[in-house]
Amino acid sequence: EAGKKTETKAVNPFTGSAFTNTISVNCSQADLKFFGLPAGTYVLSEDSPPDNTAYGKFKDVKFTMDIYGHVTLSQPTSATMYSIRVKDPAGSVTVKKLDQYGNGVTGATQATVKLQVRSGTEGNYTWTDVAGDNATWTVGSAEEATTGHTFTGLDRSKTYRVVETAVPTGYRTANHTDTQSIEFEINEYGKATDVNLNNGEATNGTSGNNYLNVGTDGTSTLTLRDELMVGHGQFTKYDSTLLFDEYGSPTDEKKTLSG
């Protein structure tokens, strides 16, 4: 189908061999060259992620090469006229702390979010705090809560969760439970997948926890939602035994109860 990636590898018309490169040594940067590439449209693809599980593979890059060897990309990626620059992303996820109106949670110095990793087998899972300064976020301001905090160094195929360990005064968790968490895995691209928002009574989106996979780099953003307590109610307690007379008819006599 036109415009779609296939499993067929492009072949060098002079040698008959496929255009492939394998990086067999650890390095921070590798320059890979494909000589003899005919004019046409191609997809640059990484078949498997690096051995280092803290990194994922880059997403496919579609490009067109003209008869002069000039490269044109069909999506935003770093490139020059004759080369394409790709980057294997580190496993990461960004977390924001917002209320139901989309505002950063004020008084958030009381709010701490921890990153935990799951181990064990189904029915016997345990959660352990991830070590390192980056794995604990104490929200310093409403602006910081809106911008969010990025947890980095996440391993592929592991299951993590972000847990709100304290809720600021004047708020409650959106899911109306004692603790609030979002669980997720890190996929082969280093991004969050299989996200469990644990919203309980809340709904996904503006009233509950939320997940977005946005941006040209596929940035994973989770929102832990705190519900701002608004409005008030006034109540009066009465002695129910005095609301009806001995014949069961309503009576105007009411006795308020204190305490």
Side-chain angles (χ1 to χ4, degrees), residues 1-96 117 148 150-160 182-197 204 210-223:
E1 183 180 353
K4 297 293 185 180
K5 172 187 169 184
T6 69
E7 295 302 319
T8 303
K9 294 182 173 64
V11 175
N12 189 314
F14 303 105
T15 65
S17 59
F19 286 105
T20 60
N21 269 297
T22 301
I23 301 174
S24 57
V25 296
N26 291 326
C27 57
S28 59
Q29 179 175 317
D31 294 321
L32 308 178
K33 295 180 173 61
F34 298 97
F35 294 103
L37 197 64
T41 299
Y42 301 90
V43 175
L44 182 64
S45 179
E46 188 172 15
D47 287 344
S48 59
D51 292 339
N52 186 341
T53 57
Y55 291 88
K57 65 181 185 179
F58 65 80
K59 290 192 173 183
D60 293 351
V61 179
K62 185 178 179 181
F63 68 96
T64 299
M65 177 173 286
D66 65 19
I67 59 175
Y68 303 104
H70 298 167
V71 172
T72 303
L73 301 178
S74 60
Q75 59 202 60
T77 303
S78 177
T80 65
M81 185 178 294
Y82 300 104
S83 65
I84 301 172
R85 185 179 179 87
V86 292
K87 183 178 180 180
D88 285 336
S92 65
V93 67
T94 297
V95 179
K96 297 182 178 183
V117 62
T150 300
F151 295 98
T152 58
L154 309 187
D155 281 356
R156 299 190 312 270
S157 300
K158 286 190 176 181
T159 299
Y160 295 89
I182 300 177
E183 300 171 20
F184 58 94
E185 292 183 10
I186 296 297
N187 65 14
E188 60 183 347
Y189 297 101
K191 303 305 176 186
T193 188
D194 293 333
V195 179
N196 183 355
L197 296 174
N204 300 354
N210 197 28
Y211 164 64
L212 289 174
N213 196 1
V214 297
T216 57
D217 61 348
T219 302
S220 301
T221 301
L222 308 176
T223 298

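Scope of the values below: all heavy atoms of this structure, side chains included, with no hydrogens, waters or symmetry mates. Computed from a prediction, not measured in an experiment: that's the story for all the values here.
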What are the two closest heavy atoms between [X] and [Y], and how far apart are they?
| X | Y | value |
| --- | --- | --- |
| E185 | D194 | OE1-OD2, 3.5 Å |
| I186 | D155 | CB-O, 3.4 Å |
| V117 | K158 | CG2-CD, 4.2 Å |
| K9 | T20 | CD-CG2, 3.6 Å |
| D88 | P50 | OD2-CG, 3.4 Å |
| D60 | E46 | OD1-N, 4.4 Å |

From [X] atom [atom1] to [Y] atom [atom2], the distance as rounded to the nearest 0.5 Å:
| X | Y | atom1 | atom2 | answer |
| --- | --- | --- | --- | --- |
| S48 | E188 | OG | CD | 9.0 Å |
| T193 | R156 | OG1 | CZ | 14.0 Å |
| L154 | S220 | CG | OG | 9.5 Å |
| T150 | K96 | OG1 | NZ | 10.0 Å |
| T223 | I182 | OG1 | CD1 | 7.0 Å |

- Query: Heavy-atom distance under 4.5 Å between the side chains of Y160 and E183, does that happen here?
  - Reply: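 SC-SC contact between Y160 and E183 ruled out.
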- Answer yes or no: is there a side-chain heavy-atom contact under 4.5 Å between K59 and P89?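 Side chain of K59 against side chain of P89, heavy atoms only: no contact under 4.5 Å found.
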- ring-ring contact (aromatic ring centres under 6.0 Å, His included) contacts in which one or both residues fall within residues 38-61, not counting sequence neighbours: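 Of all non-adjacent pairs touching residues 38-61, those that pass ring-ring contact (aromatic ring centres under 6.0 Å, His included) are Y42-F63.
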- side chain to side chain contact (heavy atoms under 4.5 Å, CB included) partners of T41, counting only residues at least two apart: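 T41 satisfies side chain to side chain contact (heavy atoms under 4.5 Å, CB included) with K62, T64 only.
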- Query: What do you reckon, is CG of D66 surrounded by more than 12 foreign heavy atoms closer than 6.0 Å?
  - Reply: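 Yes, the 6.0 Å shell around CG holds more than 12 heavy atoms from other groups.
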- Query: Mind checking whether F19 and F34 have parallel, tilted or perpendicular rings, split at 30° and 60°?
  - Reply: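 F19 vs F34 ring planes: perpendicular.
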- Query: Taking it one step at a time, do S92 and T152 satisfy side chain to side chain donor-acceptor pair (under 3.5 Å)?
  - Reply: CA-CA 4 Å; S92 65; T152 58; over 6 Å; no
